[in-house]
There are 2 protein chains.
Amino acid sequence: MKNNTNTNNMPEAEILYDLAELFKIFGDESRLKILFVLGEGEPCVEEISDKLNMSQSAVSHQLRILKTSRLIKGRRDGKRIYYSLADDHVHSIIAQGREHVEEE
Amino acid sequence: MKNNTNTNNMPEAEILYDLAELFKIFGDESRLKILFVLGEGEPCVEEISDKLNMSQSAVSHQLRILKTSRLIKGRRDGKRIYYSLADDHVHSIIAQGREHVEEE
DNA sequence: CAAACATATGAATAAGTGTTCATATGTAAC
DNA sequence: GTTACATATGAACACTTATTCATATGTTTG
């Protein structure tokens, strides 16, 4: 038996770090909005910035962050790059958050 | 015509704001550690700061943030205040995040 | 080639945040 | 009351971060 039996559920340092980094990504309104827009289709950068009233540069900066975190992916077609959600985790993580926020 | 975000799945502004605020709470290693410790029992402030090698003041500041977000609750017994998770959402939100982080 | 268009990127700035330090509040024992 | 203990709180500081502005990169068309 190990010395310390009370910290079984504490993740390893690297997991903990990654987890905090992941939630930081979701902890910004602009990025959340972008993720919701991507949940509805596969928009290009211009469409995103138009819909959200954000500058092209601001959107592009945030897209880079989202892509680095592997939450979204981009597909180039000509001059445009079309972005979409990378997997279903985005949906489920946000859904869990909404349950807490929309409660009562 | 008013310029608004009339997309189907986009939450209302207030929900969006609250959602970002919620994820900001999770987006910090110290707070995550505290939440994991609370997941294992009902520690007092001193126990938390001992386990996590954080100062009493730092822990107390973070506990206030977590309590304000209704993620944890405190129960006073004498000089000590014992903290615990407020509901199951904490578990499920973190679990979803871990699935993404621990993947591959 | 050049021009026009879509997107990315670097630097600067302003706003936000977590910790520390010092101190205050609350509680129990004497 | 006063002393000791447990926790909370305010201010200051260092650090992070989202946006803006200017510019660069990549792509298509003429």
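Below, each value reflects all heavy atoms present in this structure, side chains not excepted, and no hydrogens, waters or symmetry copies. Chain A is the first sequence line, chain B the second, and so forth, proteins listed ahead of strands; every chain is numbered from 1.
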Colleague: Under 4.0 Å, counting only non-hydrogen atoms across every strand here, what does A:Glu46 touch: a base, just sugar-phosphate, or nothing?
Modeller: sugar-phosphate
Colleague: Would B:Tyr83 and B:Arg75 count as a side-chain contact (heavy atoms from CB on, under 4.5 Å) if you check the C-alpha gap in whole Å, the side-chain angles of each, and the deciding distance to 0.1 Å?
Modeller: CA-CA 6 Å; B:Tyr83 284 94; B:Arg75 174 182 66 85; over 6 Å; no
Colleague: Show, in sequence, the C-alpha distance, side-chain angles and deciding distance for A:Ser92 and A:Gln96, and conclude whether the side-chain contact (heavy atoms from CB on, under 4.5 Å) test is met.
Modeller: CA-CA 6 Å; A:Ser92 46; A:Gln96 288 294 338; 5.7 Å; no
Colleague: So for A:His61 and D:dT20, does any side-chain atom that can act as donor or acceptor lie under 3.5 Å from a complementary atom in the base?
Modeller: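 Present.
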Colleague: Can you measure B:Leu52 atom CG to C:dG18 atom P for me and round it to whole angstrom units?
Modeller: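 That distance rounds to 16 Å.
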Colleague: With heavy atoms under 4.0 Å as the rule, sort B:Tyr83 into base, sugar-phosphate or nothing.
Modeller: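 Sugar-phosphate contact only.
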Colleague: Give, for atom CE of A:Met10 and atom CG of B:Leu35, the distance between the pair rounded to the nearest 0.5 Å.
Modeller: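 Between A:Met10 CE and B:Leu35 CG, I get 9.5 Å after rounding to 0.5 Å.
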Colleague: On DNA chain D, check which nucleotide each of A:Met54 and A:Asp77 is closest to and give me the residue with the more 5' one.
Modeller: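 Closer to the 5' end of DNA chain D: A:Met54.
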Colleague: Under 4.0 Å between a side-chain N/O of B:Gln56 and OP1 or OP2 of C:dC21, yes or no?
Modeller: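 Answer is no, no contact under 4.0 Å.
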Colleague: With a 4.5 Å cut-off on side-chain heavy-atom distances among I, L, V, M, F, W and Y, is there a chain of contacts connecting B:Tyr82 to B:Ile34?
Modeller: no
Colleague: Check every atom of C:dT7, C:dT19, D:dA6 against the side chain of B:Lys79 and return the nucleotide holding the closest atom.
Modeller: D:dA6
Colleague: Which label fits A:Phe23 and B:Phe26: parallel for a plane angle under 30°, tilted from 30 to 60°, or perpendicular past 60°?
Modeller: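 Tilted.
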Colleague: Rounded to the nearest angstrom, tell me the gap between atom CD in B:Gln62 and atom P in C:dT19.
Modeller: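 Interatomic distance, CD of B:Gln62 to P of C:dT19: 5 Å.
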Colleague: How long is the line joining CG of B:Leu32 and P of C:dG18, in whole Å?
Modeller: 12 Å
Colleague: Figure out the CD/P separation between A:Glu47 and C:dC5, and round it to whole Å.
Modeller: 17 Å
Colleague: Test for a donor-acceptor pair under 3.5 Å between the base of D:dT9 and the side chain of B:Ser57, counting only N and O atoms.
Modeller: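 Yes, a donor-acceptor pair under 3.5 Å.
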Colleague: Among C:dT19, D:dA18, D:dA8, which nucleotide has an atom closest to any side-chain atom of A:Ile65?
Modeller: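 The closest nucleotide is D:dA18.
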Colleague: Measure the distance from CZ on A:Arg80 to C1' on D:dT29 and round it to the nearest whole Å.
Modeller: 14 Å
Colleague: Using atom CZ of A:Arg76 as one end and atom P of D:dT27 as the other, report the distance to the nearest whole Å.
Modeller: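 Distance, rounded to whole Å: 5 Å.
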Colleague: Counting just side-chain N and O atoms, does A:Ser30 come under 4.0 Å of either OP1 or OP2 of D:dA18?
Modeller: no
Colleague: Tell me the interatomic distance from A:Lys24, atom NZ, to C:dG18, atom P, rounded to whole angstroms.
Modeller: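 The answer, rounded to whole Å, is 9 Å.
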Colleague: Could you tell me how far apart A:Phe23 (CZ) and D:dT17 (C1') are, to the nearest whole angstrom?
Modeller: 19 Å
